Amino acid sequence: MTTLRQRKGSKGKEPSPAAELQSQQHNCCSEHHPEKILHGDWSWGAIIWTSVGWSVSVGLGLLCCIYVATLHENDLWFSNIKEVEREISFRTECGLYYSYYKQMLHAPSIQEEMIHDNLTESKRTINLLQRMNIYQEVFLSVLYRLLPIQSYLEPVYFYIYTVFSLQAVYVIALYLTAWLLSGSWLAGALTGVWYILNRVDTTRVEFTISLRENWSLPFFALQVTAITCYLRPQLTTLQQINRLTLLMVWLMYVTTFCFCLTWQFNQFILLVQALVIYTLDCGDFLTTTQVTTLYLVQVSSLLSVWFLQFCNSMILGSLVLSFIVAALFIRHCQPGVKTGSLVVRLGKVLLHSALVLLLTVTINYLAKKALQLQSDEHIFKFIKSKFALGSTRDFDASLYLCEEAFGLLPLDTLERLAGTLLLYPYVLTLLLLCGMLVAAALQNLRGSTEEKKGAREGQVAAFRPDVAYNVLHTLFYGLLAFSTMRMKYIWTGHMCAVAAYGVCGTELWTVLLSALRCNTKLLVRLRLVRYVAPVVMIGFLYYKFWPKLMEELSELREFYDPDTVELMTWISTKTPKQAVFAGSMQLLAGIKLCTGRVLTNHPHYEDKDLRERTRQVYQVYARRSPEEVYDILKAIGADYVVLENSICYERRHRRGCRLRDLLDLANGHIMDGPGENDPDLVPATHPRFCDAIKTDAAYNALFTRTFQNKTFHVYRLKKKRKKNTKGSSEPSVTQ
């Protein structure tokens with residue numbers, strides 16, 4: 001009200017309703033930000049309000065951490081089961097990553113165990129720090145050995161509690177992003193509540209603890225928070241780069257570096273982010289300094305990881321590095337892109353984008369040729385097959401295409417998000433902000449410098465660059481999530497922050513109040529609405545979902561997998577410690593963790609030779625002769641092969657997506673069961689190996705069954721007579 005009285009009594013030209021509305025929006029959005037004290041506002045109100053906001057963020061983070069830890073305990077009775085059962089609960093690739101933490105706890109040196117490892121892949125010595133993103137396991141193992149906690153905290157609990165603690169960091173980062181965008185920590189509180197209530201779609205940490213994304217996504221969320229703070233208008237209007245700006249740049253680098261170091265798919269996630277930055281640059285929302293800084297943060301982080309991973313060629317040959325180099329080079333060569341009329345500028349932007357795309361493809365092609373890089377070709381095969389741009393018979397691409405996690409986002413995901421009231425404000429906010437973003441971009445690209453300056457004082461002032469970044473961030477990663485379900489965990493967390501910004505920010509409520517024909521004076525109620533709406537919504541969510549959460553936390557289950565426990569116990573006690581095991585990638589990861597035996601293949605798929613070896617090992621589930629399978633397994637050094645009934649007689653996937661079907665297609669054979677087959681497929685001349693070996697005595701000359709239960713059959717490879725022994729090179733598989 002003080003502001004209104006001053007304006008009424010002031011002399012000169014009376015401000016327009018639009019200008020007064022923008023002034024009120026700016027005051028509402030900038031009154032209580034988490035960094036306000038850093039700018040020198042030490043008033044008691046700012047201190048108390050900010051302290052309460054930070055306290056709520058920490059409380060929600062701890063609540064999420066305790067929540068997922070309790071679910072993990074209740075689902076497995078983790079504290080009461082045997083050690084081997086605990087290790088079996090680390091399914092698939094999670095078991096492989098955790099095995100290195102377990103291995104490093106007793107390792108005499110990193111060099112012997114990690115840099116020259118010959119216990120992971122048979123007949124090969126590999127640099128684990130170069131091939132895999134396991135620095136976090138190395139760091140935790142060293143930290144556990146240094147801290148005086150061994151007497152009261154088991155190593156496995158130190159590991160899982162660290163991962164669960166990162167969920168608290170994740171929630172706090174999302175909380176701060178919403179707070180920065182809206183100016184109210186109530187938006188952060190609503191974000192945290194939504195993240196917890198939508199746990200099924202925001203995280204899967206409670207049953208995939210060691211998965212790389214559970215390590216990396218909290219750092220990515222922190223990076224987005226740092227970018228949001230860096231792009232705030234208060235920072236760009238300073239005459240000199242102050243300490244807060246430098247701090248944000250440093251935080252962006254550190255968080256991006258940690259994100260890249262902990263996930264092998266970092267280059268693809270950063271590529272989407274680089275496209276977001278490029279789009280903002282084309283729309284003239286960012287300054288040249290901001291664009292260059294954001295690009296260089298990505299480049300420096302990737303190069304730092306490249307150095308720590310012993311010059312991993314997959315990073316140098318990444319698309320994101322090629323794109324950034326191309327974007328910066330074309331930007332330097334075309335300084336006049338944003339000059340001229342609107343039509344001329346749009347034409348220049350399209351030409352500029354075409355040149356960047358062409359140069360990106362050229363640089364990436366030359367880099368991969370020079371580096372002889374083939375480690376990530378399976379990902380591009382998957383993308384081509386997914387969008388019907390290439391062969392669908394490729395074994396590696398089909399493995400991904402047939403998994404539900406790599407399919408389109410199911411519609412029931414949206415139903416669950418709508419059930420917690422998250423989807424509705426998110427969609428309304430996104431539609432409104434996208435419309436404003438397009439209008440602001442056109443305004444930026446229209447007219448002379450003076451006109452653009454006036455636009456920045458008008459419409460663009462209401463559409464801040466930090467908001468623009470977050471809008472495109474959620475839009476681009478939302479499209480990625482819809483195309484590949486596994487990527488939804490990158491999107492849904494940030495989705496909570498954007499929806500909370502819509503509820504607690506000014507843009508959505510301004511449109512609604514304007515639609516109700518509220519005049520400028522009545523818009524003073526905007527501040528009250530921004531505070532009441534989130535409180536009412538949190539109260540409703542508490543009333544509706546608190547009993548369900550308590551019921552979920554009261555459900556007690558217990559780990560039960562006696563067949564796998566029996567298998568691991570037998571391997572540990574009845575086979576030589578240097579024995580080499582062949583089998584499915586998922587099972588072998590558990591064998592390495594539980595028994596320490598050497599493997600022929602494993603789930604870390606980012607290596608061309610390993611992918612080829614995996615395809616050869618999987619011939620045990622194809623229609624191949626016993627001699628062919630024996631020669632394949634012997635060539636890669638296998639002593640034992642483990643056959644799983646769940647794969648040999650699989651019914652989980654539809655016809656054409658069962659593993660045996662993928663192998664039949666890759667080998668040119670007709671698939672099992674009723675249904676159509678491509679005309680070029682031919683009947684196999686041999687029965688299916690995994691089934692025939694159990695009943696056909698002819699297989700006994702090469703294989704001896706040493707273990708069996710209802711789920712697994714283990715066969716030892718016999719030694720061939722010398723006259724039948726073949727060379728040591730791995731035989732090729734019939735296509």
Side-chain angles (χ1 to χ4, degrees), residues 60-61 63-64 67-68 71 167 170-175 177-178 181-182 186-208 213-214 217-218 220-221 224 269 272 404-434 470-505 507-508 512 533-549 551-553:
L60 283 171
L63 179 62
C64 181
Y67 177 48
V68 294
L71 289 177
Q167 284 297 299
Y170 198 176
V171 171
I172 292 173
L174 295 173
Y175 180 106
T177 300
L181 290 173
S182 66
L186 287 174
L190 186 57
T191 299
V193 170
W194 265 330
Y195 182 90
I196 295 172
L197 293 182
N198 291 281
R199 173 190 56 81
V200 174
D201 298 302
T202 54
T203 182
R204 48 179 176 168
V205 66
E206 72 275 10
F207 60 90
T208 58
E213 66 189 47
N214 295 327
L217 290 185
F220 190 59
V224 173
I269 308 304
V272 177
E404 183 182 3
F406 293 93
L408 298 177
L409 187 71
L411 293 179
D412 61 352
T413 302
L414 301 181
E415 294 176 2
R416 290 192 297 270
L417 296 175
T420 59
L421 303 182
L422 171 60
L423 186 63
Y424 305 118
Y426 173 78
V427 172
L428 288 175
T429 303
L430 186 61
L431 290 176
L432 173 64
L433 293 179
C434 283
N470 280 274
V471 170
L472 289 182
H473 181 100
T474 192
L475 181 63
F476 280 39
Y477 285 104
L479 294 175
L480 180 64
F482 272 91
S483 66
T484 306
M485 187 186 75
R486 183 175 178 179
M487 295 297 145
K488 73 176 180 179
Y489 301 103
I490 306 174
W491 172 58
T492 48
H494 189 260
M495 178 185 185
C496 298
V498 173
Y501 166 59
V503 173
C504 301
E507 285 80 1
L508 187 60
L512 291 177
V535 172
V536 172
M537 191 167 287
I538 291 174
F540 173 78
L541 293 174
Y542 174 85
Y543 173 78
K544 182 178 180 181
F545 290 100
W546 182 257
K548 295 181 180 180
L549 288 180
E551 182 181 356
E552 183 182 27
L553 292 174

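Not measured: the values here are computed from a predicted model. When a residue number appears, it is its place in the shown sequence, counting from 1. Excluded from the calculations below are hydrogen atoms, water molecules and symmetry mates; all remaining heavy atoms, backbone and side chain alike, are included.
- In this structure a side-chain-to-backbone donor-acceptor pair under 3.5 Å is missing from T474 to V471.
- We find the CG-CG distance between L549 and L197 to be 6.0 Å, quoted to the nearest 0.5 Å.
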Report the C-alpha separation of I490 and E213 in whole Å, then their side-chain angles, then the decisive distance to 0.1 Å, and conclude whether the side-chain contact (heavy atoms from CB on, under 4.5 Å) test is met.
CA-CA 9 Å; I490 306 174; E213 66 189 47; over 6 Å; no
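- Using a 4.5 Å heavy-atom threshold, the side chains of S483 and L480 count as touching.
- To the nearest 0.5 Å, atoms CG (L421) and CG (L190) are separated by 9.5 Å.
- No side-chain donor-acceptor contact under 3.5 Å links T413 to the backbone of L409.
- Annotation for A533 and V503: closest pair CB-CG1, 4.0 Å, computed over non-hydrogen atoms.
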Taking it one step at a time, do R486 and F406 satisfy side-chain contact (heavy atoms from CB on, under 4.5 Å)?
CA-CA 6 Å; R486 183 175 178 179; F406 293 93; 3.6 Å; yes
Trace of the side-chain contact (heavy atoms from CB on, under 4.5 Å) decision for L417 with M495:
CA-CA 10 Å; L417 296 175; M495 178 185 185; 3.7 Å; yes
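- Atom-to-atom distance recorded for I196:CD1 and T202:OG1 is 9.0 Å, nearest 0.5 angstrom.
- Residues F476 and V272 come closest through the heavy atom pair CB-CG1, 3.7 Å.
- The shortest heavy-atom contact between A497 and A178 is O-CB, 4.0 Å.
- In this structure, I172 and G61 approach most closely via the heavy-atom pair CG1-CA, 4.4 Å.
- For H494, the ring pair (Phe, Tyr, Trp, His ring centres under 6.0 Å) test picks out H473, with sequence neighbours left out.
- Of all the heavy atoms in G192 and V171, the pair that sits closest is CA-CG1, 4.1 Å.
- Once rounded to the nearest 0.5 Å, the distance linking OG1 of T429 with CG of N470 reads 12.0 Å.
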Could you tabulate the donor-acceptor pairs under 3.5 Å formed by side-chain atoms of residues 537-546, not counting sequence neighbours?
{"unit_1": "K544", "atom_1": "NZ", "unit_2": "G419", "atom_2": "O", "d": "3.2"}

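- In this structure, the separation between CG on L479 and OG1 on T484 is 11.0 Å, given to the nearest 0.5 Å.
- Taking the six-membered ring where the residue is Trp, W491 and F482 present tilted rings, their angle falling between 30° and 60°.
- Listed here is the closest heavy atom pair of Y501 and L181: CE1-O, 3.2 Å.
- Annotation: side-chain hydrogen bond (donor to acceptor under 3.5 Å, both in side chains) contacts involving residues 188-200, sequence neighbours excluded, comprise Y67-R199, Q167-Y195, N198-T420, R199-E206, R199-E552.
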Apply side-chain contact (heavy atoms from CB on, under 4.5 Å) to residues L408 and M485 and explain how you reach the verdict.
CA-CA 6 Å; L408 298 177; M485 187 186 75; over 6 Å; no
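- Side-chain atoms of Y477 come within 3.5 Å of backbone N or O of I269 as a donor-acceptor pair.
- Although no hydrogens or angles enter the test, the distance criterion places a donor-acceptor pair under 3.5 Å between the side chain of N214 and the main chain of T208.
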